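Input: a single structure, listed below in structure tokens.
As the structure is a computational prediction, the values presented were derived from the model and not from experiment. All values below come from the heavy atoms of this structure, side chains included, with hydrogens, waters and symmetry mates left out. Sequence lines set the chain letters: A, B, ... in the order given, protein chains first and strands last, and positions in each chain run from 1.
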Protein chains: 2
Amino acid sequence: MLQILVSSIIISITNLQLLKYETRKDEIIQTSAILFQKKGYSAVTMRDIAKAMGIKAASLYNHIKSKQEILSEIIISLAEQFTEQMKIIKNSNDSSIDKLRQIVDLHVNITTNNQFGMASLNNDWMHLENELEYYLNLRTNYENDFRGIIEEGIQGNELINGNPEVMLFSILSTLRSLYIWLPKKEDLDIEKFINELSLVLINGINQ
Amino acid sequence: MLQILVSSIIISITNLQLLKYETRKDEIIQTSAILFQKKGYSAVTMRDIAKAMGIKAASLYNHIKSKQEILSEIIISLAEQFTEQMKIIKNSNDSSIDKLRQIVDLHVNITTNNQFGMASLNNDWMHLENELEYYLNLRTNYENDFRGIIEEGIQGNELINGNPEVMLFSILSTLRSLYIWLPKKEDLDIEKFINELSLVLINGINQ
DNA sequence: AATTAAAACTAACAAGCGTTAGTTTTAATA
DNA sequence: TATTAAAACTAACGCTTGTTAGTTTTAATT
């Protein structure tokens with residue numbers, strides 16, 4: 001009877017872990033992302049990652065091919081999410097202002113769900129090797145679509161007749177920095193925040 | 001006669017170098033800043049820095065104490081510039097909107113004059129050791145002054161009655177990202193750009 | 001109870017790291 | 001021309017790096 005109880009506890013612990021991480025590889029990637037955020041990819045060693053998981057560095061290689069692969073998994077999956085979602089927003093029939101709001105929404109949501117990985121995406125992409133070119137393509141596509149939406153808004157008189165490059169830079173810089181700022185705000189009402197941020201980015205702060 | 005000519009050429013070369021770098025230490029710091037921007041502090045080795053200068057790694061130590069010292073010199077001098085100038089802006093009698101324009105001006109100018117070091121300031125400050133606390137103090141002071149100017153503007157009905165934290169985050173993120181963006185734009189009219197950027201940040205992009 | 005596959009381990013590798021000690025070269029000054 | 005100080009050099013140090021090979025442990029399945 002006791003043995004059955006103990007066994008069921010172990011099963012439920014196993015299930016709990018399966019709920020949090022799909023695979024052990026996934027756990028390595030997420031643990032690494034936390035460490036990469038704190039010190040950057042280059043300053044984190046395989047022994048650091050292993051220690052954070054309570055195992056030895058060599059054991060990591062039962063699940064991953066290389067340190068590089070961990071970085072790629074973090075960055076590429078995020079970059080693909082952004083580029084895919086941007087395509088959907090771009091191809092919708094909404095107004096330009098509405099599309100911009102959706103882009104803010106996209107960034108806030110991906111950042112909220114991938115708090116740690118966003119630091120690698122922003123700061124460690126240059127340490128990609130095989131996938132560097134692919135990443136740069138994704139990024140360029142994303143930026144071009146973003147720029148297109150702004151230019152459309154200017155032509156349709158939704159946006160002021162300003163420098164689209166300055167607008168793109170200004171909004172995108174803010175959205176790319178969300179990963180630094182969002183974790184500092186606990187108990188944040190995400191919906192309310194998206195509205196506040198959209199308002200500031202689109203309408204400015206002038207009374 | 002020939003000898004005198006050669007000697008004068010050498011003197012003029014020496015003077016040229018003195019115009020570009022005050023000391024050899026200064027040259028090491030500026031060269032390092034370029035490399036740190038490309039790959040980050042941790043991924044740059046002393047041998048990389050030496051190679052970029054055409055000397056051996058050990059020779060660097062005739063001029064600097066450690067790799068750490070190079071990073072400190074880059075980051076602390078920039079952080080001090082920002083904090084000092086912010087104090088002056090804060091204590092002026094200008095309107096809040098005017099103060100915000102001066103902050104934009106400050107960031108654009110420091111970034112233009114220290115293109116490479118800004119990457120270290122933004123991404124490698126966590127690798128400071130002895131000076132980490134001092135740096136964090138400078139940054140906190142800067143952000144507090146910035147926040148104060150925004151709050152003043154709200155109270156004085158110059159700015160909309162929005163969330164000051166969101167405003168601070170939005171503007172500061174953009175200004176901190178200038179180092180990524182400014183070098184891409186050649187033949188940039190700095191004054192014009194400061195005006196365009198201030199306009200977008202303060203009045204938004206809505207028609 | 002025996003088998004199996006997954007996942008941990010120990011031990012070690014070659015290469016690269018920041019840095020030091022001691023020496024030689026360079027170039028200006030007396 | 002001899003002296004001096006600055007700034008380069010060679011050689012090496014102890015340590016850390018990512019990674020591999022081979023072995024043992026763990027835990028589920030037959």
Side-chain angles (χ1 to χ4, degrees), chain A residues 3-4 6-18 21-32 35-36 39-74 124 127-130, chain B residues 3-4 6-18 21-32 35-36 39-74 124 127-130:
Chain A
Q3 215 166 1
I4 291 165
V6 169
S7 161
S8 78
I9 287 170
I10 288 166
I11 287 165
S12 68
I13 289 172
T14 307
N15 284 343
L16 263 175
Q17 288 185 332
L18 282 176
Y21 304 109
E22 288 212 349
T23 61
R24 193 76 164 141
K25 178 173 175 177
D26 191 49
E27 189 177 353
I28 293 173
I29 291 168
Q30 289 188 234
T31 304
S32 300
L35 299 178
F36 291 171
K39 309 200 294 174
Y41 172 74
S42 303
V44 174
T45 70
M46 296 303 281
R47 285 163 181 85
D48 289 337
I49 298 168
K51 197 166 209 172
M53 297 186 65
I55 60 176
K56 299 285 170 179
S59 306
L60 295 168
Y61 288 85
N62 285 315
H63 308 281
I64 49 125
K65 288 188 200 71
S66 65
K67 191 187 174 190
Q68 270 284 318
E69 194 200 10
I70 300 175
L71 185 69
S72 294
E73 296 265 6
I74 293 170
D124 285 319
H127 298 117
L128 292 172
E129 284 170 14
N130 294 336
Chain B
Q3 215 166 1
I4 291 165
V6 168
S7 161
S8 79
I9 287 170
I10 288 166
I11 287 166
S12 67
I13 289 171
T14 308
N15 284 343
L16 264 175
Q17 290 185 333
L18 281 176
Y21 304 110
E22 288 211 351
T23 62
R24 192 78 164 138
K25 177 173 176 177
D26 191 49
E27 190 177 351
I28 293 172
I29 291 167
Q30 289 187 235
T31 304
S32 301
L35 299 178
F36 291 170
K39 311 200 295 176
Y41 172 74
S42 303
V44 174
T45 71
M46 295 305 281
R47 286 163 180 85
D48 289 337
I49 298 168
K51 197 167 210 172
M53 297 186 64
I55 59 176
K56 299 286 170 179
S59 306
L60 295 168
Y61 289 85
N62 285 315
H63 308 281
I64 50 124
K65 287 189 201 69
S66 64
K67 189 187 176 190
Q68 270 284 319
E69 194 202 8
I70 300 175
L71 185 68
S72 295
E73 296 264 7
I74 294 171
D124 285 319
H127 299 116
L128 293 172
E129 284 169 14
N130 293 337

Determine the minimum heavy-atom distance between B:Ile70 and B:Met46, stating which atoms define it.
CD1-CE, 4.3 Å
Closest non-hydrogen contact found for A:Gly40 with A:Val44 is O-CG2, 3.3 Å
For A:Arg24 and D:dT26, what is the distance between atoms CZ and P respectively, to the nearest whole Å?
14 Å
Contact state string [nucleotides 10-21 of chain C, B base, S sugar-phosphate only, - no protein heavy atom under 4.0 Å]
BBB----BBBBB
Can you measure A:Leu60 atom CG to C:dA6 atom C1' for me and round it to whole angstrom units?
15 Å
When rounded to whole Å, the CD1 to C1' distance for the pair B:Ile28 and D:dA8 reads 12 Å
Checking only heavy atoms, does the side chain of A:Asn62 share a donor-acceptor pair with the base of C:dA6 at less than 3.5 Å?
no
Calculate the interatomic distance between B:Tyr21 atom OH and D:dA7 atom C1'; express it in whole Å.
17 Å
Any idea which heavy atoms bring B:Asp124 and B:Tyr41 closest together, and the distance?
OD2-N, 2.9 Å
Distance check: side-chain N/O of A:His63 vs OP1/OP2 of C:dA6, anything under 4.0 Å?
no
Taking B:Thr23's backbone N and O only, do any of them form a donor-acceptor pair with B:Asp26's side chain (distance below 3.5 Å, no angle check)?
no
Quick one about B:Asp48 and B:Thr45 (side-chain donor to acceptor, distance below 3.5 Å, no hydrogens or angles considered), yes or no?
yes
Does A:Lys65 come within less than 4.0 Å of A:Glu73, counting only side-chain N to carboxylate O?
no
